[in-house]
Amino acid sequence: MKDYTQIFLGTAFTSKSPTEVQILKNNLFFVNADGMIDKIIAPEHLEYQNLVNSYKGKENFHQLEDHQYFLPGFVDLHVHAPQWAQAGTALDIPLNDWLNTYTFPIESKFSDLDFAKKVYNDVVSTLLANGTTTVLYFATVHKEASILLAQICAEKGQRGLVGKVVMDNPEENPDFYRDTDTNTALSDTEEFILAVKELGETYKQGVYPVVTPRFIPSCTDEALQGLGNLAAKYNTHIQSHCSESDWEHKYVQDRFQKNDAFALNDFGLLSDKSVMAHCNFISDEDADLFVETGTAIAHCPISNAYFANSVIPIAHFHSKGVEIGLGTDISGGFSPSLYDNIKQSVISSRMLEDGVNTKLPADERGVPGSRVTVNEAFYLATVGGGDSLSLPIGRLAENYIWDVQVIDTTNLPLYDSNDDLQDAFQKMIYLIRPENIREVWVQGEKVHSRG
Ligand code: GUN
Ligand code: FE
């Protein structure tokens, strides 16, 4: 651990509001030993030049080169770490067939810790290389391999929030891949929570246990209630899938005569530390319940295009005050990049707003007001994710954590140094690839770099 303040000098982009991106041009960022931004000083400040002169050349002074910029590290609210092993596979079959034919067999292999180590090392490194500094992960039903994922995040310096997945319902899960029984599912979860909490205490950036019923069909009532109790007892984050597909939404209606949101709430699974993936078919009443309980949506636009046959009206739910962040949903979404998901969220929203049924007259197509701009999608990937997890991340601002990506635009088509920086920002968000992400820092520590 560094025992001194580090100073960073450069131009940063950070969300000021959902629609506005603030440009901090040639600012000084003072980052303390805990990895928090203590102070930001702009060139207009009287002491600015003196400070730059006094720190220049020192080991703890980091100045960006021309054509380099700071962006906040991204927050991915929905990743199935084991599914990295099948990214891009069989995305043209229905969700339920995909789970049974491909996903459950591959997840069952994570009883093998050597296999788990290989895949988990790769997915954590890949996400860091894509600028993602905090990730909310589903692991598998296996306690040991789930602890291993938390350990790998801790060692690689990523802020991982990890869930051992609970699937105890013998009627909906295959015999080869489920918890042995309800009591074991709950006792394994409790042991997992304790192990990851202990691990989190020794790593600066934090790793966190997450209570994780896979989705309602996977779990018995007893497991859902037991998990609600464990989340309350240990004050953990909670994650699940909610109203993702027609099939799953209807299953919950048949079982509980209500939507997923209300059913989950009855079991104590909606709280200000809850993040629900997808939510394509939630109603306005469900959204109100999310606002009331502080529950957030993990919006997974690439995955939704394949498995949900719908576009969630994100702009509508955002305007109602629901917290929303972005998720790749590896591997329902094939891409490990939140840049790709930012773009897809913009594109999907345009298709919802403008409509795709060309048989209708132009003024009768689509849903007005559905547009998500690139600035708004960037907000979801940063501030939205941080707020959803109730962590001080996602903004480059005082009292926030120094989680950043250093972007090098040398190979991007930014030819004119007099380009408007707001335009340059949008161009960067559309065109950045891992090659342009030169460094990634988490909690004041450099955790990734490429030449
Ligand atoms: N619903 C339950 N499990 C899953 C999963 O692994 N991926 C997706 N997209 N939806 C799910
Ligand atoms: Fe998922």
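Each ligand, and each atom within it, is numbered from 1 in the order the structure gives.
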If we count only N and O atoms by modelled type, under 3.5 Å, do the side chains of Y234 and E190 hold a donor and an acceptor together?
yes
Among side-chain atoms of E222 and N183, is any donor-acceptor pair under 3.5 angstrom?
no
Tell me, which protein residue and heavy-atom name are nearest atom 6 (O) of ligand 1, and how many Å apart are they?
R214 NH2, 2.7 Å
Do the ring centers of F425 and Y69 come within less than 6.0 Å of each other?
no
F215 vs H241 aromatic rings, parallel, tilted or perpendicular, using cut-offs 30° and 60°?
perpendicular
If we only consider heavy atoms of [X], is any one of them less than 4.0 Å away from an atom in ligand 1?
X	result
W98	yes
Q83	yes
F215	yes

Interfacing atoms of ligand 1 (cut-off 4.0 Å, heavy-atom, L95):
8 (C), 9 (N), 10 (N)
Of all the atoms in ligand 1, which lie at a distance below 4.0 Å from a heavy atom belonging to H278?
9 (N)
More than 12 heavy atoms from other groups under 6.0 Å of NZ on K117:
no
Atom OH of residue position Y102 - does it have more than 12 heavy atoms of other residues, nucleotides or ligands inside 6.0 Å?
no
Would the distance check show the side chain of T202 and the main-chain N or O of L199 forming a donor-acceptor pair, the cut-off being under 3.5 Å?
yes
What are the protein N, O or S atoms, given as residue plus atom name, that sit under 2.8 Å from the Fe ion (ligand 2)?
H78 NE2, H80 NE2, H241 NE2, D329 OD1
Going by an N to O cut-off under 4.0 Å, is there a salt bridge joining D387 and R395?
yes
Passing option when R214 is tested against E248, E244, E107 for salt bridge (charged side-chain N to carboxylate O under 4.0 Å, His left out)
E107
Does the N or O separation between E244 and ligand 1 drop below 3.5 Å for any pair?
yes
